[in-house]
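Have a look at the structure below, then the notes.
All figures in this text were calculated on a predicted structure; none of them were measured in a lab.
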Amino acid sequence: MKIFIWISLIIIFLSMLGTLVRVFKGPSTPDRLIALDGIGVMLISIIALLSIVFDTIFFIDVILLIAIMSFIGTVSFSKFIEKGAIIDRDTHR
């Protein structure tokens, strides 16, 4: 069972390197944003597999923190790409 987990870790790490190439070389900004979100998901899965390998639950807090930060970052970047600003300030009040 441990061999399968280590092989999975290696495959996920290699796919993370491939996605990192897309972040730097991406043809457009939305492609780079999707690649960053994919790296966040892969990082979460690597930490979850390491939590299984080391037989501990202490990494669960780290997984939740990375998931929340990844979601907030993706939403913020998406809004910035679409509107050019993250926070809309209504000056007509």
Give a yes or no on whether L17 atom CG has more than 12 heavy-atom contacts from other residues, nucleotides or ligands under 6.0 Å away. yes

Would one find more than 12 heavy atoms of other residues, nucleotides or ligands at under 6.0 Å from atom CD1 of I57?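 Incorrect, the count does not exceed 12.
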
[X], [Y]: one ILVMFWY side-chain cluster at the under-4.5 Å cut-off?
| X | Y | answer |
| --- | --- | --- |
| I72 | V41 | no |
| L65 | M42 | no |
| F80 | M69 | no |
| I60 | I46 | yes |
| V75 | L36 | no |

Supply the atom-to-atom distance [X] [atom1] to [Y] [atom2], rounded to the nearest 0.5 angstrom.
| X | Y | atom1 | atom2 | answer |
| --- | --- | --- | --- | --- |
| F4 | L49 | CZ | CG | 8.5 Å |
| M16 | L43 | CE | CG | 5.0 Å |
| I34 | I39 | CD1 | CD1 | 12.5 Å |
| L33 | I81 | CG | CD1 | 5.0 Å |
| I47 | I52 | CD1 | CD1 | 12.5 Å |
| I5 | I10 | CD1 | CD1 | 12.5 Å |

Tell me, which pairs form a side chain to side chain donor-acceptor pair (under 3.5 Å) where one or both residues lie in residues 39-52, sequence neighbours left out?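 Sorted result for residues 39-52: empty, none.
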
If a pair satisfies side chain to side chain donor-acceptor pair (under 3.5 Å) and one of its residues is in residues 55-73, list it, with sequence neighbours excluded.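 Every pair satisfying side chain to side chain donor-acceptor pair (under 3.5 Å) with a residue in residues 55-73: D37-S70.
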
With a 4.5 Å heavy-atom cut-off, do P27 and R22 have their side chains touching?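 Yes, close enough: below the 4.5 Å cut-off.
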
4.5 Å side-chain heavy-atom contact, I11 and S8: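 I11 vs S8: side chains apart.
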
Begin from the C-alpha positions of L9 and L50 and carry the test side chain to side chain contact (heavy atoms under 4.5 Å, CB included) through to its verdict. CA-CA 8 Å; L9 280 169; L50 286 175; 3.8 Å; yes

R32 side-chain N/O to V23 backbone N/O, donor-acceptor pair under 3.5 Å: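 Side chain of R32 to backbone of V23, a donor-acceptor pair under 3.5 Å: yes, one is there.
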
